[in-house]
Number of protein chains: 2
Amino acid sequence: MKGIRQLAKHLDISIGTVSRALNDKPDVNEETRKRVLAAAEELGYVANQSGRSLRQGTTNVIGLMIEASQETVENGDNFFLSVTGGLQSVFTRHKLDLVMLPCPSDEDPHEYLKRMVARRVVDAMIISATQRIDKRIDFLSKAKIPFVALGRSSSGGNYPWIDLDFEGVAACAVERLVAKGHRRIAIAAPSTDINLGYVFVDAYRQALERHGLEFDPDLIIRVKSSEQGGYQAGTELLRLKDRPTAIILIYELMAIGLYRRMVEAGVVPGRDLAVIGFREEPRARFLQPTLTCFRLSLRDLGTKLAETLLASMPAYSALYPKGAQNTIWPLELAPGESDAFTITP
Amino acid sequence: MKGIRQLAKHLDISIGTVSRALNDKPDVNEETRKRVLAAAEELGYVANQSGRSLRQGTTNVIGLMIEASQETVENGDNFFLSVTGGLQSVFTRHKLDLVMLPCPSDEDPHEYLKRMVARRVVDAMIISATQRIDKRIDFLSKAKIPFVALGRSSSGGNYPWIDLDFEGVAACAVERLVAKGHRRIAIAAPSTDINLGYVFVDAYRQALERHGLEFDPDLIIRVKSSEQGGYQAGTELLRLKDRPTAIILIYELMAIGLYRRMVEAGVVPGRDLAVIGFREEPRARFLQPTLTCFRLSLRDLGTKLAETLLASMPAYSALYPKGAQNTIWPLELAPGESDAFTITP
DNA sequence: CTGCCATACAGAAACGTTTCCGAGAAGCAC
DNA sequence: GTGCTTCTCGGAAACGTTTCTGTATGGCAG
């Protein structure tokens, strides 16, 4: 005989009363409640989660699914750790715990998700790295499991998501460069398999057209989102005839590699080539000349994710009014020296 | 009425038999088992984890605790994701699931651990970023919760841990440099608060003494384990009178910053200064000249961690014989060009 | 036919918790 | 005294699963 029963016997009180006392339910004398709390503290009693979950049909655990994709591992940034900080700042207010669920690389992410959800180990899910067509979204919608996605997708119709403001960033970057007289603006981006590689480049194209500039497919340099990719992008850039005078990097870590390649070729970033990076990256912060880039708080993004998720959960939706369930997350321009290069006609 | 009961009714069989069929227990006709499995697949039945945990007293979940500590953040996500790959390769064989438990930065890691364990949400724990004195280890030992630690500690007496072979690496690096004629060998390391900053430098000192070289405290450059730290280390190095001819970097990411500082000063790594990095880091892989460093497979480290843990769990110890429960994980020298610089007397 | 074993299944208890239902006691108005 | 709340608590059911115990069946030896 363990658990709440022992605690009840120790207090000579029924287990029902003990349970109500511990869970801040009414129908329990204030003095009794104090006695119970004191005894629980003294005996180190903590409710068994399995029993509670079984009875309540809820686990009070939110899952953050993580794919150990090639890209994630290679980039090796603190993306998830930073986001979890924001998530937890919200969840702890509601006694919800966050667990990160790493999908084994040899298991289909969709199957993994199904397994985790079917076993009822979490109440709700946060998924990221969404594909343009993502079976997980269809599944979660149909199974009526509360979830929120970091990233848009064409799947599933209307569902809660948050995504970065690629359009805004691309427009801002292009406008800034055009204002400095640039006409041939290259862009380094990953392949179109990845949603970002598609959406961002499309936004770039639209921005160009708004400024009456022709869209030259040669100026799209498809490389990996890494330092090495940046180095390769530099090589590609140097090879282009009628060389561009500016380049937009879709992932800022590329800047480190690009700088290296430029220095090797005697091209000085900021003086001979304007460079703008997309997302702020701590490791690129010490570059000289400093990089013009777009900044966002991953922690704040995390809190917004959490709030969006809770708003979609019946038990919490009262506290987090169900406004727009989709958010385009804005980024802030952080001007640096890397795009100082100005074309004077 | 849901779950196994519905499945049993659908098959017109008792729930006991269904349960045994699903769990590969004896006392069930082979044909019946097939029928049950087929029906479960058809109806999409998956056992509710709460019910199962409650009955069995076991959750089949292993927790990997993650602290958003200084060191962790610098390592980045890829460190843990690589390790989880190895962990899961073992766990999946036993139908164990891995969850990562990120300790909120505003909660005491020890309290967080206690909470997770007391609620019986995991059967066992993997902890990392161990402190020289670590309350978690004492707690887990006393509570008889199976666990394994990545990193040594002075706490808790005899407990299962795995740690990297700092001594071996320091000895090998020093020996290699001494053989090339170097006499003044600097080392860039984090502060002694971090276990690594203490143990590694101590091993370096011992290695020097074995070769009859004097230990000069000025040659210990205390910087952060980051690119920026490497850059600072470069500045410090250049300032030293009787400048060292070689430097050992305790974290390879420093090399990127160090290289930059050296190039700025007209010092060519590998030609004018010998450089050896401690741990291989994908982000530093493209450096020129290539870095001499020590390599380890994080994935293999993960499998060893998992095996060590399972060996300490009664339910699995038969399969993973309890050998030495402590492992000094060896690293492999990956020779590059960065330490080609040789002193000829 | 009896006795005995092995096989295959049904039935029920148990895991620890929450929550529903009912009831005793006390207070108050009539 | 009766009737009606209000407060506090005890008892028991329920959550979904695993596992223990019992039992019917059939085969086989005696």
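Below, chains carry the letters A, B, ... as their sequence lines are ordered, and counting in each starts from 1.
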Requested in this report: Take Glu67(A) and Arg136(A), measure what salt bridge (charged side-chain N to carboxylate O under 4.0 Å, His left out) needs, and give me the verdict at the end.
Outcome: CA-CA 13 Å; Glu67(A) 280 183 73; Arg136(A) 298 176 299 171; 3.6 Å; yes
Counting only side-chain N and O atoms of [X], is one of them less than 4.0 Å from OP1 or OP2 of [N]?
{"X": "Thr32(B)", "N": "dC9(C)", "value": "yes"}
{"X": "Arg55(A)", "N": "dA14(D)", "value": "no"}
{"X": "Thr17(A)", "N": "dG10(D)", "value": "yes"}

[X] side chain, from C-beta outward: closest of [options]:
{"X": "Lys25(B)", "options": "dT19(C), dT19(D), dG10(D)", "result": "dT19(D)"}
{"X": "Ile4(A)", "options": "dT18(C), dT19(C), dT18(D)", "result": "dT18(C)"}
{"X": "Gln56(B)", "options": "dT17(C), dC9(C), dT19(D)", "result": "dT19(D)"}
{"X": "Asn48(B)", "options": "dC9(D), dG16(D), dT19(D)", "result": "dG16(D)"}
{"X": "Ala47(B)", "options": "dG16(C), dT17(C), dT17(D)", "result": "dT17(D)"}
{"X": "Asn29(A)", "options": "dT17(D), dG16(D), dC9(D)", "result": "dC9(D)"}
{"X": "Val28(B)", "options": "dC9(C), dT18(D), dT17(C)", "result": "dC9(C)"}

Query raised in the report: If you find the nucleotide of DNA chain D closest to Arg20(B) and the one closest to Val46(B), which residue's nucleotide is nearer the 5' end?
Result: Val46(B)
Atom pair distance, as rounded to whole Å: [atom1] in [X] and [atom2] in [N]:
{"X": "Lys34(A)", "N": "dT8(D)", "atom1": "NZ", "atom2": "P", "value": "13 Å"}
{"X": "Leu22(B)", "N": "dT19(D)", "atom1": "CG", "atom2": "P", "value": "13 Å"}
{"X": "Arg35(A)", "N": "dT8(D)", "atom1": "CZ", "atom2": "P", "value": "14 Å"}
{"X": "Glu31(B)", "N": "dT7(C)", "atom1": "CD", "atom2": "P", "value": "17 Å"}
{"X": "Leu7(A)", "N": "dT18(C)", "atom1": "CG", "atom2": "P", "value": "11 Å"}
{"X": "Glu30(A)", "N": "dC9(D)", "atom1": "CD", "atom2": "C1'", "value": "15 Å"}
{"X": "Ile15(B)", "N": "dC20(D)", "atom1": "CD1", "atom2": "P", "value": "15 Å"}
{"X": "Leu54(B)", "N": "dA14(C)", "atom1": "CG", "atom2": "C1'", "value": "9 Å"}

Query raised in the report: With sugar-phosphate meaning primed atoms plus P, OP1 and OP2, does Gly16(A) contact a base, only sugar-phosphate, or nothing at under 4.0 Å between heavy atoms?
Result: base
Query raised in the report: Within the structure shown, what part of the strands sits under 4.0 Å from Ser53(B) by heavy-atom distance: base, sugar-phosphate, or nothing?
Result: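 No contact at all - Ser53(B) keeps every heavy atom at 4.0 Å or more from the nucleic acid.
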Query raised in the report: Is Arg120(B) side chain donor-acceptor paired with the dG16(C) base, going by distance under 3.5 Å alone?
Result: no
Requested in this report: Kindly indicate whether the side chain of Asp27(A) and the base of dC9(D) share any N or O donor-acceptor pair separated by less than 3.5 Å?
Outcome: yes
Query raised in the report: Would you say Arg20(A) has more than 12 foreign heavy atoms packed within less than 6.0 Å of its CZ?
Result: yes
Report task. Check Asn29(A) against Glu31(A) and note the closest heavy-atom contact, atom names and distance. Result ->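 In terms of heavy atoms, the two residues are closest at OD1-N, 2.7 Å.
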Requested in this report: Check Phe147(A) against Ser312(A) and note the closest heavy-atom contact, atom names and distance.
Outcome: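 That closest heavy-atom pairing would be O-OG, 4.2 Å.
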Requested in this report: Let me know which of Leu310(B), Leu309(B), Val90(B) forms a side chain to side chain contact (heavy atoms under 4.5 Å, CB included) with Leu96(B).
Outcome: Leu310(B)
Report task. Starting at OG1 of Thr92(B), measure out to NE2 of His94(B) and round the result to the nearest 0.5 Å. Result -> 8.5 Å
